[in-house]
Undergrad: 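Shown below is the structure under consideration.
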Amino acid sequence: MARQIADKVVPLIETALPGAGAVWHGHPVWSLGPAPGTSPVCYIKSYSAYLTFGFWRGQEVIDPSGRLEAGARAMASVKLRTLADIDTELFTTWLRAARDLEGLTSG
């Protein structure tokens, strides 16, 4: 199931952050900087029961849905277990907000 979820999430990420993806520490990461890990915006990481879709500054992203769960430092993420967990409009809003946050500090 993780592959099907990734196949649906990655195009959303690529639309918001075209050409910004790379593998960093073994996981797909999308950054605004010139190298992976420079101004990282978001990532996906696969586990046996779900796929994590997260943001480095996710706790700063306005999330009226309440779906983003706070993580370490300023990070936040959502666990995706089925294709039904993907909300295209919501995820696009998160991606734009996270991209804009990094754009404010990376420029």
Side-chain angles (χ1 to χ4, degrees):
M1 181 54 66
R3 181 61 187 198
Q4 292 90 349
I5 293 170
D7 286 346
K8 190 168 179 184
V9 170
V10 169
L12 298 175
I13 298 169
E14 287 292 334
T15 298
L17 299 161
V23 175
W24 188 45
H25 294 284
H27 305 286
V29 173
W30 287 262
S31 303
L32 291 182
T38 307
S39 298
V41 176
C42 68
Y43 66 93
I44 57 174
K45 185 173 180 180
S46 183
Y47 295 91
S48 60
Y50 57 89
L51 184 126
T52 296
F53 173 42
F55 301 92
W56 259 258
R57 294 175 64 186
Q59 291 180 36
E60 296 176 58
V61 171
I62 295 170
D63 177 31
S65 74
R67 289 187 59 193
L68 282 175
E69 297 177 18
R73 299 180 188 89
M75 298 176 93
S77 64
V78 62
K79 293 176 182 170
L80 307 174
R81 291 180 173 83
T82 69
L83 291 172
D85 292 335
I86 299 168
D87 180 329
T88 301
E89 185 176 329
L90 177 63
F91 288 15
T92 298
T93 299
W94 289 345
L95 283 159
R96 288 180 183 148
R99 178 194 62 205
D100 293 348
L101 283 170
E102 285 304 325
L104 294 174
T105 60
S106 66

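Predicted, not measured: the structure shown is a model, and the values here were computed from it.
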Undergrad: Say you draw a straight line from CD1 of Ile13 to SG of Cys42; how long is it, rounded to the nearest 0.5 Å?
TA: 4.5 Å
Undergrad: Would Tyr50 end up clustered with Tyr43 when hydrophobic side chains under 4.5 Å apart are linked, directly or stepwise?
TA: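 Unlinked, Tyr50 and Tyr43 end up in two clusters.
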Undergrad: Quick check: closest heavy atoms across Phe55 and Ala98, and the distance to 0.1 Å?
TA: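 Scanning both residues, the minimum pair turns out to be CD2-CB, 3.4 Å.
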Undergrad: Which residue in the set Ile44, Leu51, Val10 passes side chain to side chain contact (heavy atoms under 4.5 Å, CB included) when paired with Ile5?
TA: Leu51
Undergrad: Heavy atoms, side chains only, cut-off 4.5 Å: are Pro64 and Ile62 in contact?
TA: yes
Undergrad: Counting C-beta onward and ignoring hydrogens, is there a side-chain heavy-atom pair between Thr93 and Val61 closer than 4.5 Å?
TA: no
Undergrad: Would you mind reporting whether Thr15 and Thr92 have side-chain heavy atoms less than 4.5 Å apart?
TA: no
Undergrad: Shortest non-hydrogen contact from Asp63 to Leu90?
TA: OD1-CD1, 4.1 Å
Undergrad: Does the side chain of Leu101 reach to within under 4.5 Å of the side chain of Trp56, using non-hydrogen atoms?
TA: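 Side chain of Leu101 against side chain of Trp56, heavy atoms only: no contact under 4.5 Å found.
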Undergrad: Grab the two heavy atoms, one from Ala6 and one from Pro11, that are nearest each other, plus how far apart they are.
TA: O-CD, 4.1 Å
Undergrad: May I have all residue pairs that pass ring-ring contact (aromatic ring centres under 6.0 Å, His included) and include part of residues 75-97, sequence neighbours excluded?
TA: Phe53-Phe91, Phe91-Trp94
Undergrad: In terms of side-chain geometry, is the basic nitrogen of Arg96 or Asp100 positioned less than 4.0 Å from the acidic oxygen of its partner?
TA: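 Not counted as a salt bridge, because no side-chain N and carboxylate O are separated by less than 4.0 Å.
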Undergrad: Would you tabulate the side-chain donor-acceptor contacts of residues 67-84 under 3.5 Å, counting partners in other chains and residues two or more places apart, or write 'none'?
TA:
from, atom 1, to, atom 2, distance (Å)
Arg67, NH1, Asp85, O, 3.1
Arg67, NH2, Asp85, O, 2.6
Thr82, OG1, Ala84, N, 3.3

Undergrad: Sequence neighbours excluded, which residues qualify as salt bridge (Lys or Arg N to Asp or Glu O under 4.0 Å) partners of Glu60?
TA: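 For Glu60 the salt bridge (Lys or Arg N to Asp or Glu O under 4.0 Å) partners, ignoring immediate neighbours, are Arg57.
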